[in-house]
Structure formats: C-alpha cells, structure tokens
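See below for the structure under consideration.
The sequence lines fix the lettering, A, B, ..., with proteins before strands; numbering per chain opens at 1. Reckoned from all heavy atoms, side chains included, excluding hydrogens, waters and symmetry mates. Here the structure is a predicted model, which means the values were calculated and not measured.
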Amino acid sequence: MNGMSNLSLSLRAESDAEVLESGIVESKAKSEISEIVKNVFERRLLNASVFANKEIISQHYIPEKLPFREKQIDEISSDLSPSIKGTKPNNIFLYGKTGTGKTATVKHVLEQLTEFVSKQSLPVFSAYINCRNHPSKYKVLLKVAKSFYPSKDFLGYSVSFIYEKILDFCEANSAHLILVLDEIDKVKDLDELVYSLTRGNDELGKGSITLIGISNNLMFKEKLDPRTKSSLCEKELVFSPYNANELKEILVERCEKAFKPKAVSDSSISLVAALAAQESGDARTAVMLMQRAGEIADSEKAVLVVEQHVEKAKASVEEEIILSMVSTLPGQQQLVLYSISAMTIQHKGSRRITGEIEEGTLFSGEIFETYCEMAKHLGRRTITSRWYRQYINELEMYGLILITASGKGIRGQTRLIKLGFDAERIKSALEKELFK
DNA sequence: CCTCCACAGGAAGCGCAGGAGT
DNA sequence: ACTCCTGCGCTTCCTGTGGAGG
C-alpha cells in the first residue's frame, strides 16, 4: 500500500529532474547559437510523444465515467438521497483492495450531489478528508470545521470547541453534512471520533451528520469497538477487484484520451490488463504500467507503444516497488528477507529434500537458523523466533513472500516460504540497504 | 493409539520514546 | 519542567495443531 504512494512520489521527482535538466540546457544554449539549433531539434524530438494528454493517464486523475462501478454509484447515491429530502442518510462503510475505485466512486457521487444541491439550493454539504493526512480525531474535526468555515482558522482551539462549531453550523443552516473519511483505519482514536460524530445527531434539532468510511484493510472492521462498528457500518459496500476484461476496457477508455490516436497497440493494452489482473486487479497499477510504458516508448522515440515497452515498464515498476517496500522495512526484517533471498539463490537446483516440493521453497525453521547465523556474522543482535514469525507474516502481507502450510510428507507443522519476486532482484535491493 | 516433533500464534509484560496534561 | 500515559517493538511463556513414527 505504501509502496504505491512512494512510487508516485518518485515518479514526480523524476519529472522534476527533467524540468531542471531542460532548464540547464536552456541557459547553456544562450551562449552558443549552434547549441540552440541542436536543442530545438532535440526538443522537437522530445515533444514527439505518444501522449496526447499525459494528465489523464496519471494516477491522480479521476475519470468522468467509472466503468463497472455503476452498481456502487447507484447504491451510494440512493443511500445518500434522504439528505436531499431533508432526512438523515445511513452511515456507509466501503471497503476493498487498493485501486478498486473506492475513492473515485465516492468523489464522483459527491460531485454529482454537490452539483444537484447547488442547483436546487438545498442545505446539503459534504467534505472529503483523507485520514492519512489527518490521522486523529482532533485533526479530522479541524479539517471539517475549516471546510465549513473557510475564512476562520481553528488551529489552537480545543476539540470540544471545534465540535460545537460544527454542530452550530448544522443547526444554523439545517444542514445535512456528509463526511467522507478516506483511509479511515489511519485514525488513531477512531472510536471516539465516530462516537462523538454519531452522537452529534442526537444533539442536533435540525440537520444531521453522515459518515462515509473508506478502508482497504479488510481486517480493520473486525478490530473496531462493537459500538463503533455498528454505527459506522449501518450500510456496507464491497469493492471487488477488477478482472482482466474490465481492466482492459478501463484502459482502452483512458488511452483513447491520454494517448495520440493509434499510438498504443491493442496487444499492449491487453498485456497491461492481464498483468495487473494477475497481480491484484488494481486499476491504479494498470494505469501506472500504461503510463510507464508510454514514457519508455517516448524515450526510445517510438511512435507506437508495443508489448515490449510494457515488459520493460513492468520490470521498472516492479523494481521500484521492491525498492520502496524494502527500504521502509526495519533492519532485522530486511535481514530475514535477505536470508530468504540468499538461500533461494544458493539452493537453486540443489535441494536435498525429497518429495513433492516446489523449487525455491524454504522451511520456516531453516530460514530462522540462517538468519541467526547471518546476524551473528554481521555482529548484529538477533530477534527471537516468535518475533521472527511475526516478521514473516508481515512480509507475506506486503506480498514479498508467499506462504503455504506444510501438508503431508513433512513432519510437524511448519510453513513453506517462497519469494514473491525474483531472488536476485530482492537481494541486490537489500544489499544496497543493509550494507550502508 | 499415544508420543514426539516442529512449529503457529495468542496473551502478558517489559523497556523505551514521545506526546499530553498540569 | 515535571509527571503521567500511551503506543511500539520485542521477549517470555504458553497452548494448539497436524503429521510422522513407534
């Protein structure tokens, strides 16, 4: 999850560097006339891009049409419709993996709602809050207050004051507030936040507050306080991953606008869709892959994006994901992963275990042994086996390793561990991190 | 069938850092 | 400035589990 945001950051950084570079080229060019000509032509070439409007294929762009989410749009809008009739809608909880269009769908519905209520001048107001940036009750309330009193600055006021201000706003305008809390699992004191916001409804004579919670953590709901859970999840909506066909249609639609006509081959789109579907059904990765493939095509001065560019894009994106994931891991966990990758390489083709065991599969116990030896060798402290298991589970969650339970043929209960990515690639990424 | 193995993973607790309260 | 509280990373201790072997 984090990998994605890191990735977008580094992508942006890259384009910044490009801008900078061209700036240097420009200032240099002033001194030499021949240089100017050369650079103008070079720029011509650079401008000869496969993109028509790159913005549309960036992951921050929200398309007007959301294919395969009609049902969800329909449900959310019908759930919110009481607000335009002057009664309180149910709270809604949305969950689904990353890149399944949760945020885009909600934003789309809110846009439509805002458009409608402003035409009819109805007292319905909405606010979108990304809890990653506002990860506490105080910060969320602050953000809410600010969006309804844009001119005032509540920084420094107490929680209860801000809370009262929000209620005042509802009361004074008979307003129905719709608060979208994206990445709601990031809020530290969520129980209290949900409690006070839902209790606000009891205090209000006029108006209401409705919450829409969004989370991509499927387990998160179970960890909530039962009361919070029941009030937040009055209505639930699941966003399932896209399949390859759906992804393809999404991509086709986006590519038509983002790329120049006939700049993308049909087969490359199919390949991107297939790759993304196989990974996770994540539209964001698909879009990112497509964008990267286009950039690679540009850099090769190609006029058509073909499968080859997609393959390269996949490798480059994968490498970035691995690096950004690996670099945020705690040192000991990096060592564990390093042991796994080293062992995978070492054991290649020379496993002495008999039976039906797939190539590259390791036992939980032997990895721990190697890890201990390695840590000792490097003069580092070692974690206990219990915590090691915890680390292993986390690594699986990140998708860096795959775990299967030992079945017949293996004594005792253990787990078989396999790397999720290429061993050499992980090892080299880790070496950069571990050894200075 | 029982016992042993090789773990898995829950529960409790500990030391520490950093933030909140006073 | 001070204490108090809380979350985090981790250890210790423990119970559970599925298969191998006698």
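Across the protein-nucleic acid pair, A:Gln332 atom CD and C:dT11 atom P stand 8 Å apart, rounded to whole Å. If you measure from atom CD1 of A:Ile367 to atom C1' of B:dA6, you get 14 Å, rounded to the nearest angstrom. Following rounding to the nearest Å, A:Leu335 (CG) and C:dC10 (P) show an atom-to-atom distance of 12 Å. In this entry the distance linking CZ of A:Phe368 with C1' of B:dA6 reads 13 Å, nearest Å. Rounding to whole angstrom units, CD1 of residue A:Ile383 and C1' of C:dG9 are separated by 10 Å. In this structure, A:Arg389 places its CZ atom 12 Å from C1' of C:dC13, rounding to the nearest Å. What separates CG of A:Leu329 from P of C:dG9 is a distance of 12 Å, to the nearest Å. Between A:Tyr388 atom OH and B:dA8 atom C1' there is a gap of 12 Å when expressed in whole angstrom units.
A donor-acceptor contact under 3.5 angstrom links the side chains of A:Tyr338 and A:Glu431, judged on distance only.
Residue-level contact check: A:Tyr391 touches the backbone only, with heavy atoms under 4.0 Å from sugar-phosphate atoms and none from bases.
Using a 30° and 60° split on the angle between ring planes, A:Phe148 and A:Phe125 fall in the perpendicular class, above 60°.
Dashed line: the shortest gap from a side-chain N or O of A:Arg415 to OP1 or OP2 of B:dA8 is under 4.0 Å.
Residue A:Gly365 is the one, among A:Gly365 and A:Arg386, whose nearest nucleotide of DNA chain B lies closer to the 5' end (criterion: closest heavy atom). Nearest-nucleotide positions on DNA chain B for A:Gln413 and A:Gln390 put A:Gln413 closer to the 5' end.
Of the candidates B:dG9, C:dG16, C:dG9, the closest approach to any side-chain atom of A:Trp387 belongs to C:dG9. Each of B:dC7, C:dT12, B:dG9 was ranked by its minimum atom distance to the side chain of A:Thr384; first place goes to C:dT12.
Proximity of A:Leu323 to A:Lys432: side-chain heavy atoms (C-beta onward) are separated by under 4.5 Å at one or more points. In this structure, A:Phe239 and A:Thr105 have side chains that are in contact, with non-hydrogen atoms separated by less than 4.5 Å.
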Derivation of the side chain to side chain donor-acceptor pair (under 3.5 Å) call for A:Thr103 and A:Asp182:
CA-CA 7 Å; A:Thr103 306; A:Asp182 203 348; 2.8 Å; yes
